[in-house]
Amino acid sequence: MSGARILALTTRIMRQIVRDRRTLALVFLVPLLVMSVLYVVLTGSSGSVPTLALVRPTGAGSETLNALIDRLLPPASRLKTITIAAGEVESVLNKGEADAALIFPADLATQLARGEHPRLQLVLEGSDPSVASAMRENVTALVRQLDVALAQAQSQRGQGQQGAVPPVNVLATSVLTLATPRYLHGGPDYTFNDALAPVFIGVFSFFFVFLLTSVAFLRERSQGTIERVLASPLSRGELVMGYVCGFTLFALVQAVVVLLFVIFVLRVHYQGNLGLVFLVAILLTVSGVNLGIFLSTFAQNEFQIIQFIPLVFGLQVLLSGIFWPVAQLPAWLQPVSYLLPLTYANEALRDVMLKGSDFAQIAPQLAALLVFMLLMIGLSAVTVRRQVA
């Protein structure tokens, strides 16, 4: 074994890498960029504090009850509260202004005075099972504390009216009744996996199609296949459409396979129309195909294609609302999120599968995906024309 030959080979490889500015940038600068964004997101994102909407009692004697409710509420750092009217419950939850609503009877004080057991209703937004579970626990604890406080008050009034009365076991006395929670979306059988499934449909469809297309088109170019095809009667426009349609049809088949696997094999719960889910997947995969064709122009080999992944997908995974809602990101990063196709795909897929949204409700997200798709088709067409020029 010759050390000189090993050193010579090592030197040649290092020179090749140093001379390739694109590789140097992708190896050293892109990881720093992605890590910087991750650091900013983790340190600058506002904490997610759930919001509870209260439909308060409004009848006679409600002032004292509302003061008691306010005194028992957790601090605002743990639970935000807003006061709404009974007719606003569904609209407030659908708009995302609250995660749950606790409805008190308007005549709560009157029912208590008559010795009745007022019935309280909890309505959960339900699209995020983890948030719904936390809200259910918070509200149950709040109602239990309120129940004990009201039982103690009734016991003290009874002792004052009847003189010496045996002490009441307030822990065994139930004054309030909390009805079975009602879910606006989802249900008690929805899990964390159900909330993540729509996101994974979008991410996997986009990622694998991009990777396949970029590598395949790079090989077409490096092996001289494009030049040989040009020797046929095909025009340049026909060549562009042929490549785009060929890769796109394969991408659509992949989208169907992913969707069917998630629904019928993994048995993920869903509410909306699967046709809308497939429509979102179509727009996303066609965008991924053309993005792959476009970026393959800037790569000389498969290794450089792989180096694009942190830049293309790392930022989208961090900023498209997969793990953190876009509204919780630092204010200066939120506009960047709305330039990313996965942001709109994630919103649309979650709205359809978890909330049962229809076409009109996700139309803005579909429009944004359509614009991005057309932009990528235009860029890929220019790329192919340059390759065949």
CZ/Arg267: more than 12 non-hydrogen atoms of other groups inside 6.0 Å:
no
Which atom names give the shortest non-hydrogen contact between Ala76 and Lys80, and what distance separates them?
O-CG, 4.0 Å
Please evaluate residues Leu52 and Leu54 with respect to the criterion side-chain contact (heavy atoms from CB on, under 4.5 Å), reporting the C-alpha separation (whole Å), side-chain torsions for both, the decisive distance (0.1 Å), and the verdict.
CA-CA 6 Å; Leu52 175 65; Leu54 296 175; 3.7 Å; yes
Atom pair CZ/CG of Phe372 and Leu340 - distance to nearest 0.5 Å:
8.0 Å
In Å and rounded to the nearest 0.5 Å, what is the CG to CG distance from Leu318 to Leu333?
9.5 Å
side-chain contact (heavy atoms from CB on, under 4.5 Å) between Leu291 and Leu379, intermediate numbers included
CA-CA 8 Å; Leu291 178 62; Leu379 291 176; over 6 Å; no
Could you check whether any side-chain heavy atom of Val289 comes within less than 4.5 Å of a side-chain heavy atom of Ile377, counting everything from C-beta outward?
no
Looking at side-chain heavy atoms only, is the closest gap between His269 and Asp189 below 4.5 Å?
yes
Are any non-hydrogen side-chain atoms of Val123 and Pro181 less than 4.5 angstrom apart?
no
Do the side chains of Gln271 and Tyr190 get nearer than 4.5 Å, heavy atoms only?
yes
If you take all heavy atoms of Leu93 and Ala98, which pair is closest and at what distance?
CD2-O, 3.4 Å
Taking all non-hydrogen atoms of both residues, which atom of Met135 and which atom of Leu124 are closest, and how far apart?
CB-CD2, 3.9 Å
Using 30° and 60° as the class limits, which term best fits the ring planes of Phe207 and Phe313: parallel, tilted or perpendicular?
perpendicular
Indicate yes or no for a side-chain donor-acceptor contact from Glu88 to the backbone of Val55 under 3.5 Å, with no hydrogens or angles considered.
no
Pairwise distance CG(Leu369) to OG(Ser287) - rounded to 0.5 angstrom:
6.5 Å
Any donor-acceptor pair under 3.5 Å from Asn66 side chain to Glu63 backbone
no
Just by modelled atom types, is the Leu349 backbone N or O under 3.5 Å from a matching donor or acceptor in the Glu347 side chain?
no
Could you give the side-chain donor-acceptor pairs of residues 352-362 under 3.5 Å, partners two or more places apart or in another chain?
residue	atom	partner	partner atom	Å
Ser357	OG	Asp351	O	3.1
Asp358	OD1	Ala360	N	3.3
Asp358	OD1	Gln361	N	3.0
Gln361	OE1	Asp358	N	2.8

Donor-acceptor pair, Gln334 side chain versus Leu329 backbone, under 3.5 Å?
yes
For Phe206 against Leu284, the heavy-atom pair lying closest together
CD1-O, 3.3 Å
For the side chain of Thr213 and the backbone of Phe210, is there at least one donor-acceptor N/O pair under 3.5 Å apart?
no
Taking the side chain as everything from C-beta on, heavy atoms only, tell me whether Leu102 gets closer than 4.5 Å to Leu142.
yes
Indicate if Leu122 and Ile103 have the same hydrophobic cluster label, given that clusters are the connected sets of ILVMFWY residues with side-chain heavy-atom separations under 4.5 angstrom.
no
Polar side-chain atom of Asp147 near backbone of Val143 as donor-acceptor pair, under 3.5 Å
no
Leu370 side chain reached by Leu283 side chain, heavy atoms, under 4.5 Å:
yes
Would you compute the distance between atom CZ of Phe217 and atom OG of Ser296 and round it to the nearest 0.5 angstrom?
5.5 Å
Determine the interplanar angle of the Phe200 and Phe204 rings, folded into 0 to 90°, and report it as parallel if under 30°, tilted if 30 to 60°, perpendicular if over 60°.
parallel
Worked verdict on Val326 versus Leu319 for side-chain contact (heavy atoms from CB on, under 4.5 Å)
CA-CA 7 Å; Val326 174; Leu319 301 179; over 6 Å; no
Is there a side-chain contact between Ile82 and Val92 in this structure, where contact means two heavy atoms from C-beta onward sitting under 4.5 Å apart?
yes
Phe298 side chain reached by Phe308 side chain, heavy atoms, under 4.5 Å:
yes
For Val203 and Leu342: C-alpha separation, side-chain torsions, deciding distance, then whether side-chain contact (heavy atoms from CB on, under 4.5 Å) applies.
CA-CA 7 Å; Val203 170; Leu342 276 182; 4.2 Å; yes
Below 4.0 angstrom, N of the basic side chain to O of the carboxylate: do Arg56 and Asp70 qualify?
yes
Exercise: identify the closest heavy-atom pair between Ala109 and Ala60
CB-O, 3.1 Å
Residues at least two apart in sequence or cross-chain that pass salt bridge (Lys or Arg N to Asp or Glu O under 4.0 Å) with Arg144, listed by chain then number, are none
Keeping the roles fixed (side chain from Asp107, backbone from Gly59), state whether a donor-acceptor pair exists under 3.5 Å.
no
If you look at every heavy atom in Val89 and Ala101, which pair is closest and at what distance?
CG1-CB, 3.8 Å
Would you say the side-chain atoms of Tyr270 pair up with the backbone N or O of Ile263, donor to acceptor, closer than 3.5 Å?
no
CG/Leu295 to CG/Leu218 distance, rounded to the nearest 0.5 angstrom?
11.5 Å
Would you say the side-chain atoms of Asn346 pair up with the backbone N or O of Ser320, donor to acceptor, closer than 3.5 Å?
yes
Please list, chain by chain and in numerical order, all residues satisfying side chain to side chain contact (heavy atoms under 4.5 Å, CB included) with Thr64, sequence neighbours excluded.
none
Does Pro129 offer a backbone N or O that forms a donor-acceptor pair with the side chain of Ser133 under 3.5 Å?
no
